[in-house]
Structure formats: structure tokens, C-alpha cells
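Scroll down for the structure; my scribbles are underneath it.
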Amino acid sequence: MAAELTAPELIAKHRPTLDQALEAIRTRAYWSPHPEHPKAYGEHGSLDAAAGKAAFDALLGTRLDLGQAGTDDWVGGEISPYGIELGVSYPHADLDALLPAMKAGQPAWRDAGAEVRAVVCLEILKRISDRTHEFAHAVMHTSGQAFLMAFQAGGPHAQDRGLEAVAYAYAEQVRTPESAEWSKPQGKRDPLVLTKNFTPVPRGIGLVIGCNTFPTWNGYPGLFASLATGNAVLVKPHPRAVLPLALTVRIAREVLTEAGFAADLVALAAERPGEGIAKALATRPEIRIIDYTGSTSFGDWLEANARQAQVYTEKAGVNTVIVHSTDDYKGMLSNLAFSLSLYSGQMCTTPQNLLIPREGILTDQGPKTFDEVTADLARAVDGLLGDDARANALLGAIVNPDVKARLEAAAGLGEVALASREIGNPEFPGAVVRTPVIVKLDGAKPDAEAAYMSECFGPVSFAVALESVTDAVELLRRTVREKGAMTVGAYTTDSEVERAIEEVCLEEAAQLSFNLTGGVFVNQTAAFSDFHGSGGNPAANAALCDGAFVANRFRVVEVRHQG
């Protein structure tokens, strides 16, 4: 069957976007082709709010047949953190049948070349973007994110990260020319002449191991980086967050088919309850690339045991903010309160440890003691979340019982500066919604170290009293070096303190933000401009997204002809 989407048509349609993405990663300036506002959708084939909600509702209780090879059963069982049973069932794969089918599609995909692969990926992203409202509900009801966050982070921001990966992948592949005429002079003799052809070839099948909290945002970089570099991609979603990635796989398969490629270049590996297929999958010889977001223990296991694969991991870290001084005390408190509250702290970038000198800090409102700073921050959080409707819109729902248990246990670790409270959600009575807890710890006491030197994922923060800002800087260094950090924040008006903090972050490879008091928050990063993680500390061995994230997903094979 002839391709419905020809290469020239796709290039004409998407090459301008690819060029803009390439320019954006070069300049690091703000750019996005994906609108953040829900009202921007509804024209040019995209679903508006009502159509997107209807599309999501129509999925509930259905079987999502992807038509992929090797289906031997149907599995499901997702329950929304908002209390809804999704009732969607997905194909369970016989890997001995599916993986060969995936591999069989790679030669034609390889031979298509970097540009065609890039524009096919952009067509996939365009179709996902058109259904952003539908995806927002799928992300909301698998991750527990509030709707607007699910819409933005699970929609345009995730799509931006996917496009960013495609741009980096394209740039790395075209760095080497397709061919070269090589002539070496030999004095009086005829020169040595060779024609050299250079082909980027895929490593093999890429495996994306999805996470529960950000299935698309964390899943798209690896998926599109591997696909754009010629690899087939097997997506293994988190068992509680299958739907957003299953929809992604379905759209990818449709586009690949229409473009004349094998649909099985992208496939889904859903699992039975308790089956735990990730370890078995990760060590199969066919799997040559792995992208993983999740716990440190399993990330470490992958790095140690999946020796046949190139492994990219984002694991746990202990994110830290040093509070030394500020010329906008109100803005600092407001910014921190939002950062601690957004999505109930269930972000890999949310601050956990607030390091504050015991004698207090200098502010534009005069000196503030450690106790005053923590009390004022508690009031700022209370003020932000005082209205239940606004609180629900910011907090979302607790994603799983483990987060709830950690939250409840945190109050016993020290003096509580801000107690967590339960909030009802009238629209979803089954949702578990909790405000953050802030616990004060004495950094000089050894028993406090066990708390602040471990990640406590969820709406839990520790205000740690230290003897001086020098002690805070040294604790920051030790934390990043030993435990890793996805983000570091700092508030200071002292240039010497600023230089000391920056030096630690440069030496320990941690992404740093200074004096955020407005609408930019330490736990948010922008594709094409901000690096998410660095790959240089224990929190992650890769950054989203840079050349290193894509370059080892393919190798260049040279074929030489004489004369």
C-alpha cells in the first residue's frame, strides 16, 4: 500500500518547525509551538475542551486495541487518584513475537534518513498536540495532577520536550555528512581516491520505562530521541499510568503506517497486576537503549545489570534551597510557598531542604530569625491554600498511598512549623488531597540528618537550622555529592555568598536558580532553554536535553569505495 503521507509533504509541512527548534536550542531563547492556554485549541483539527473531555470519557471501560504483533492477553486496572476506575484494557505482549516484529521495521526506518525521521516524529507530536485536551484528562486521572497542570505539563510542555529531543537528534546525526570524496595526494603518483558514505545506524530497540507522576513529560524525551535516531521504541508504562502513553503509542503507530513504515516500530508493553516485567525486559539482548524515571534503587539496578544497553536514568535527589538574605522578603515567601505546594510536592524538582542560618537572615523588612522565617513561610503557604477551590487547583491529588504515608510520618521527625491538613474535592470525593507539611530540624543534631539527607518524595519540606551560611554551603555540597539534586535554589544579596554557592553547583553539577521572587519557580524548567538535570550528580545520569542525551543512541557506519 502506498504511503498516505509522503516524505516531501511531511518535509514541507514540518521542516519550518524543525528549523525553529534547531534555532531555539542554539540560542536558548524562549520558544514553543505548542499553546499553553486551553482556549487556544479547537481550530485546525484540534479538539476543544468539550470534545477533548468527550474523547476521554469515550475511552473509559474500553479495550485499546493497538493492532501490534504478539498480543496474547488484555490487561488493565488503573484507578484514578481522583477515585475513578478507568476500566481501560491494553494489549499484553508476547515479547518473543513482538520484539522481532519491532526489529524488522528498523532497516527501512534507518534508510529513510535523519530528516524524514524527524518530520515523521513532528507529525506524531502535531497529532498529539491536537488532542491535548484529551491527553490532559488522561494525565490528570493517572498522575493526580490538577487539570490545568495536567494540561500544561502533560500537554504542551511534554510535547516541547519531545520536539527538543528530535531537534538534538537531528543535529547530531547531520553533524557528519552523508558522503565525502576523499583524495590524498601522492606526489608524482596518482592520488589515493575514495568515496566514503556515512550512515547513522540505530543501536537497537529502545525501552522507555514510564513513571507514575509525569508519564508524558518524562516519557517523551527518550521516546522521541530513540525514534528520531532510527531505533524502534517499546514503551513500558507505569501500571498506574498507562493511558497517556498508550494513546501516544496509538498515534505514533497510525502516523508510521500512513508514512509507509512499520507500525511496530513503536509498541506498548503493558503488564498484568504484580507482573513486574521491567527487569526481564531491561536485560533482554534486543533492548539496546533504556530510558527510566523513578526510584534510585531500580535506577541503580538498571545501570548495574542492563549491561547490553545504553541506560539513561533520572532517579531520586534531595533538592535544596539556601536562604541567606533577600531584598524581597514577601516575594521570596510567595515564590517558595508556590514551589512547595505545586502538585503536592510530587515533582522531582520540588525543594525539600530549606537551609537557614540559626541566627536568621537579613531582609528588606529587617532581620528575621530562623523561627520567624519558618513561621512566615507557613503563613504564606496557608494563605496560598486557604481557599479550598484554589488549593485543589494547585495541589491535585496524592498519587499513591506511599506518598500519603511519608507525609503522615514526617510530622514525627521534628517540630512542625506547618501541619498538613485534608482538603475535600467536591467534584471528586474520592481524591486524597493534603496540604504540605514543614518540619523544623536542628542541623547540629545527628538524628536530624537521617531525615534531611534522604528524599521524602511528596509535600514534605524540612527547614534546617545551621550555624552559618558557610555550614549551609558545605551541607549543600555534601547533599548534592552524596544524594544528588535536580534543582538548587538560593536567596542572597551577598556577592561572596552567591559566588560560593555557584562554585559548589559548578563543581557538583547541579542546576541553580538565584533569588526567584516572581512567576518563575525553581521546580519548573522550559524546553529548548533550561536543562532538566545535569547528568553530573547522583540524581540523574543524563540531562533533558543535550547532545549527550541523543548522540549515543546511534552509531555512524562508514562504507568506502575505491576510485
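All of these numbers come straight from a predicted model, not from anything done at the bench. Scope of the values below: all heavy atoms of this structure, side chains included, with no hydrogens, waters or symmetry mates.
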I'd like to know if the side chain of [X] and the backbone of [Y] have a donor-acceptor N/O pair within less than 3.5 Å.
| X | Y | answer |
| --- | --- | --- |
| T71 | A93 | no |
| N541 | T313 | yes |
| E286 | P100 | no |
| E78 | V88 | no |
| Q68 | L268 | yes |
| T132 | S129 | yes |
| Q346 | V399 | yes |

(request) Sequence neighbours left out, what passes side chain to side chain contact (heavy atoms under 4.5 Å, CB included) with A232? Give chain and number order. (result)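 Counting only residues at least two positions away or on another chain, A232 forms a side chain to side chain contact (heavy atoms under 4.5 Å, CB included) with M102, Q106, I205, L265.
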(message) Tell me every residue that passes side chain to side chain contact (heavy atoms under 4.5 Å, CB included) with V201, counting only those two or more places apart in sequence or in another chain.
(response)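 Expected list: R110, T199, R555, V557.
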(message) Looking at E275, I'd like to know if its CD atom is crowded, meaning that more than 12 non-hydrogen atoms belonging to other residues, nucleotides or ligands lie closer than 6.0 Å.
(response)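 Enclosed: over 12 neighbouring heavy atoms sit under 6.0 Å from CD of E275.
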(message) Would you say that more than 12 heavy atoms from the other residues, nucleotides or ligands in this model lie under 6.0 Å from the CD of E558, or not?
(response)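 Counting neighbours around CD of E558, more than 12 heavy atoms of other residues, nucleotides or ligands fall under 6.0 Å, so yes.
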(message) Please enumerate all residues that pass side chain to side chain donor-acceptor pair (under 3.5 Å) together with T216, with sequence neighbours excluded.
(response) none
(request) May I have the step-by-step check of salt bridge (Lys or Arg N to Asp or Glu O under 4.0 Å) for E115 and R15, ending in yes or no? (result) CA-CA 8 Å; E115 184 178 40; R15 182 72 212 206; 2.9 Å; yes
Do [X] and [Y] sit within salt-bridge range, that is, some charged N less than 4.0 Å from a carboxylate O?
| X | Y | result |
| --- | --- | --- |
| E178 | K196 | no |
| E303 | K315 | yes |
| K126 | E123 | no |

Provide the closest heavy-atom pair for [X] versus [Y] in the form atom of the first, atom of the second, distance.
| X | Y | answer |
| --- | --- | --- |
| A306 | A282 | CB-O, 3.5 Å |
| D160 | P33 | OD1-CD, 3.6 Å |
| R284 | L99 | NE-CD1, 3.2 Å |

(request) List in chain and number order the residues that pass salt bridge (Lys or Arg N to Asp or Glu O under 4.0 Å) with K279, two or more places apart in sequence or in another chain; answer none if no residue qualifies. (result) none
(message) Going by the rule salt bridge (Lys or Arg N to Asp or Glu O under 4.0 Å), which residues pair with D48 if we only count those two or more places apart in sequence or in a different chain?
(response) none
Aromatic contact, [X] with [Y] (centres under 6.0 Å):
| X | Y | result |
| --- | --- | --- |
| Y312 | F549 | yes |
| F151 | Y41 | yes |
| F147 | H137 | yes |
| H141 | F428 | yes |

(message) Cation-pi check for Y30 against R28: NZ or CZ below 6.0 Å from the six-membered ring centre and within 45 degrees of the axis, yes or no?
(response) no
(message) Under the rule for ring pair (Phe, Tyr, Trp, His ring centres under 6.0 Å), what residues qualify as partners of W182, not counting sequence neighbours?
(response)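 With sequence neighbours excluded, W182 shows a ring pair (Phe, Tyr, Trp, His ring centres under 6.0 Å) to no residue whatsoever.
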(request) Given salt bridge (Lys or Arg N to Asp or Glu O under 4.0 Å), test K236 with E271 step by step and report yes or no. (result) CA-CA 8 Å; K236 194 222 78 76; E271 56 192 315; 2.5 Å; yes
(message) Using the side chain to side chain contact (heavy atoms under 4.5 Å, CB included) definition, which of the options Q511, H157, M486, R161 pairs with T525?
(response) R161
(message) Name the residue from W217, Y343, F214 that meets the side chain to side chain contact (heavy atoms under 4.5 Å, CB included) definition with S143.
(response)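 For S143, the side chain to side chain contact (heavy atoms under 4.5 Å, CB included) test succeeds with only one of W217, Y343, F214, which is Y343.
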Do [X] and [Y] have side chains that get closer than 4.5 Å, going by heavy atoms?
| X | Y | result |
| --- | --- | --- |
| R553 | D291 | yes |
| L247 | L59 | yes |
| L342 | F521 | no |
| P237 | L243 | no |
| N400 | N212 | yes |
| R250 | L64 | yes |
| N523 | T487 | no |
| E181 | L194 | no |

(message) Any donor-acceptor pair under 3.5 Å linking the side-chain atoms of Q20 with those of T17?
(response) no
